[in-house]
Amino acid sequence: DSLLRIEVDYSDSLFLFYHGRFIKELAIRYDGNENIEFIDVGSYGLWGEWHTPHPASLDVRKQIFDFYRLNFSNTKLIAMSLDQEMFNYAITNGTGFRRDGVGEIADAARWDNQNLKNKELKMNAWENVPVVCEWFASYNMLLENSKCSFDTGFYFIYRNHATYILDNLGEISDSTVLKKLKVLGQDCGYNLVLKETAHRSMMTVNDTNIITVKWENQGIAPYYDNVALLVYFKKISNDSEFALSKKYAFPKVLPGDSVTIEVSLPDSLVSGEYQIGVSLQDKLTKNNLSIPIDISDSDGIYYISQVRVK
């Protein structure tokens, strides 16, 4: 290989001091920023991917990783999974992980055989931390390379319950592949679907009866404490008059499971007829999320039922 690569001495005290200070300043500016979905823990190895022919000690690698872990408390952290020792350290400390090389047949086999002593930890990590997958190369390169397979990568993403996909596939003309990617886009991460709303048609202002709202997760991963349910009561006789019930946090719901949330009437509600609306809100950005419901929405609020209050 004629390419000259230059790496720092990761154990050098000056590097560790100044890089640690840099990550701390980075977190002061960007931790909790609504425009940042996650921070990729780099800083070590070729391309920041935690593999190198000049490895530092485990203590040094943990120190570099902790620059991120101890300073970013609001924005998700994603760590590479190629360094087996650090992979275990990352996920046991609540960090998500990223797998590159998705679509490379040999890499899928390496992943299945990696960390055999901690296989259960790895296989179940997605239940608590997000998983990021990155394709090995563009779709055309996958076709041209006998060591790669689009289907290998496609099923790898499903098998490992990915929440995020770093899309570098480029242009694709194959209609079958495009259909698969469309389904994958719908399934990836969590997909909360409203299944049922139940309540009496008439209630009193001080009624202790509740409204139940049942949701099912039809995605391939859970959500990680970042979604809240908001319930609105809009007066039918006056669109501008509405009351907001309190926010309801979702418990963790694994793929295929459902949850029923009990909603009470707002204390400020007066007599009248109301439309009941729901929205799912990102706790960090406060933005309403799209919900797969076949009704029109108003700024991310979906009005799903009516109730009379007296």
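Please read these numbers as outputs of a predicted model, since none were measured by experiment.
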- Task: Examine Phe22 together with Tyr18 and report whether their ring centres are nearer than 6.0 Å.
- Result: no
| request: Check whether the ring centres of Trp111 and Phe97 lie less than 6.0 Å apart, and answer yes or no. | output: yes
Between Arg61 and Glu85, is the closest basic N to carboxylate O distance under 4.0 Å? yes
Exercise. Would you call Ile91 and Trp126 a side-chain contact if the rule is heavy atoms closer than 4.5 Å?
Worked result: no
Closest non-hydrogen atoms of Glu7 and Pro53, given as atom of the first, atom of the second and distance, are OE1-CD, 3.9 Å
Using atom types as modelled and distance alone, determine if a side-chain donor or acceptor of Thr92 lies under 3.5 Å from a backbone N or O of Asn88. yes
Could you tell me whether the side chains of Trp135 and Asp100 share a donor-acceptor contact shorter than 3.5 Å? no
Under a side-chain separation threshold of 4.5 Å, the hydrophobic residues clustered together with Phe38 are Ile78, Val132, Tyr164, Leu166
Flag side-chain contact, heavy atom, 4.5 Å: Leu289 against Asp282 | yes
Could you please spell out the steps behind the side-chain contact (heavy atoms from CB on, under 4.5 Å) verdict for Lys180 and Val177?
CA-CA 5 Å; Lys180 284 186 174 181; Val177 172; 5.5 Å; no
Next on the checklist: Applying side-chain contact (heavy atoms from CB on, under 4.5 Å) to Val227 and Leu192, what does each step give before you reach the verdict?
Outcome noted: CA-CA 10 Å; Val227 175; Leu192 297 173; 4.3 Å; yes
Handout entry: Side-chain donor or acceptor of Tyr89 paired with backbone N/O of Phe65 under 3.5 Å
Key = no
If you define the side chain from C-beta out and look only at heavy atoms, does anything of Leu265 sit under 4.5 Å from Tyr274? no
(message) Tell me if a side-chain donor or acceptor on Asp187 pairs with a main-chain N or O of Ile220 at a distance below 3.5 Å.
(response) no
_Glu196 side chain reached by Trp215 side chain, heavy atoms, under 4.5 Å_ = no
Electrostatic pair Asp107:Arg110 at N-O distance under 4.0 angstrom: yes
Inset, instruction - Would you sort out whether Phe72 and Ile23 count as a side-chain contact (heavy atoms from CB on, under 4.5 Å), showing the intermediate values? - result: CA-CA 9 Å; Phe72 283 93; Ile23 299 300; 4.2 Å; yes
Checklist entry - Hey, are the side chains of Leu46 and His51 touching, using non-hydrogen atoms and a 4.5 Å cut-off? => result yes
Any donor and acceptor pair, going by atom type alone, linking the side chain of Tyr302 with main-chain N or O of Ser279 inside 3.5 Å?
no
Shortest non-hydrogen pair, Ala90 vs Ala79, comes out as CB-CB, 3.8 Å
Practice problem: Please report the C-alpha distance between Asn168 and Phe136 in whole Å, then the side-chain angles of each, then the deciding distance to 0.1 Å, and finally whether the side-chain contact (heavy atoms from CB on, under 4.5 Å) criterion is met. | Solution: CA-CA 8 Å; Asn168 54 340; Phe136 177 77; over 6 Å; no
(message) Please tell me whether Ile157 and Met141 are part of a single hydrophobic cluster in this structure, the criterion being side-chain heavy atoms less than 4.5 Å apart.
(response) no
One should read off an interatomic distance between Leu280 CG and Ile301 CD1, to the nearest 0.5 angstrom, of 11.5 Å
Between Gly272 and Lys235, the two heavy atoms sitting closest are CA-CE, 4.1 Å
Fill in: Donor-acceptor contact below 3.5 Å, side chain Thr75 vs main chain Gly32
yes
CZ (Arg21) and CG (Leu26) are apart, to the nearest 0.5 Å, by 14.0 Å
>> With a sphere of 6.0 Å drawn around NZ of Lys286, does it hold more than 12 non-hydrogen atoms of other residues, nucleotides or ligands?
In response: yes
d(Ser258 OG, Lys214 NZ) to nearest 0.5 Å is 4.5 Å
I want to check something: taking the side chain as every heavy atom from C-beta on, are Leu142 and Thr152 in contact at a cut-off of under 4.5 Å? no
**Item:** Polar side-chain atom of Trp50 near backbone of Met86 as donor-acceptor pair, under 3.5 Å
**Value:** no
- Query: Can Ser73 and Asp31 be counted as having a side-chain donor-acceptor contact under 3.5 angstrom?
  - Reply: yes
Any donor-acceptor pair under 3.5 Å linking the side chain of Asn145 with the backbone of Lys147?
yes
Report yes or no: do Val231 and Val253 belong to one cluster of Ile/Leu/Val/Met/Phe/Trp/Tyr joined by side chain heavy-atom distances under 4.5 Å? yes
Does any part of the side chain of Val307, heavy atoms only, come nearer than 4.5 Å to the side chain of Met202, both counted from C-beta?
no
Check the pair Arg69 / Asp66 against salt bridge (Lys or Arg N to Asp or Glu O under 4.0 Å), numbers first and verdict last. CA-CA 5 Å; Arg69 182 178 68 87; Asp66 285 344; 2.8 Å; yes
Linking I/L/V/M/F/W/Y whenever their side-chain heavy atoms sit closer than 4.5 Å, directly or via other members, would Phe250 and Leu194 fall into one cluster? yes
In terms of heavy-atom contacts, His19 and Ser43 come closest through NE2-OG, 2.6 Å
Here the pair of heavy atoms bringing Val193 nearest to Pro292 is CG2-CG, 3.7 Å
**Study point:** Greater than 12 external heavy atoms within 6.0 Å of Arg308's CZ
**Key:** no
So NZ of Lys310 and OG of Ser271: to nearest 0.5 Å the spacing works out to 9.5 Å
For residues Thr212 and His199, is any side-chain donor paired with an opposing acceptor at under 3.5 Å?
-> no
In terms of heavy-atom contacts, Gly45 and Tyr10 come closest through N-OH, 2.9 Å
Within one Ile-Leu-Val-Met-Phe-Trp-Tyr cluster: Ile211 and Val270, side-chain cutoff 4.5 Å:
yes
Under a 4.5 Å cut-off applied to non-hydrogen side-chain atoms, are Ile304 and Val278 in contact?
yes
| request: State, without any angle test, whether Ser138 and Asn140 hold a side-chain donor-acceptor pair at a distance under 3.5 Å. | output: no
- Query: Is Leu181 reachable from Leu143 through a run of hydrophobic residues whose side-chain heavy atoms are each under 4.5 Å from the next?
  - Reply: yes
- Is a side-chain donor or acceptor of Asp12 paired with a backbone partner of Leu16 at a separation under 3.5 angstrom? no
Exercise for the section: Determine whether the side chains of Gln306 and Tyr303 contain a donor N or O and an acceptor N or O closer than 3.5 Å. Expected result: no
Query raised in the report: Just by distance, do the side chain of Asn71 and the backbone of Phe67 share a donor-acceptor pair under 3.5 Å?
Result: yes
Rounded to the nearest 0.5 angstrom, the CG-CD distance for Leu82 and Glu49 is 6.5 Å
key: Sidechain-backbone polar pair: Asp9 side chain, Ser11 backbone, donor-acceptor under 3.5 Å   = yes
Do we see a donor-acceptor contact under 3.5 Å between the side chains of Gln281 and Lys247?
yes
- Will you find, in the side chains of Thr52 and Tyr44, an N or O donor that is under 3.5 Å from an N or O acceptor? no
- Task: Mark yes when over 12 heavy atoms from residues, nucleotides or ligands other than Tyr158 sit less than 6.0 Å from its OH; otherwise mark no.
- Result: yes
So CE of Met80 and CH2 of Trp47: to nearest 0.5 Å the spacing works out to 10.5 Å
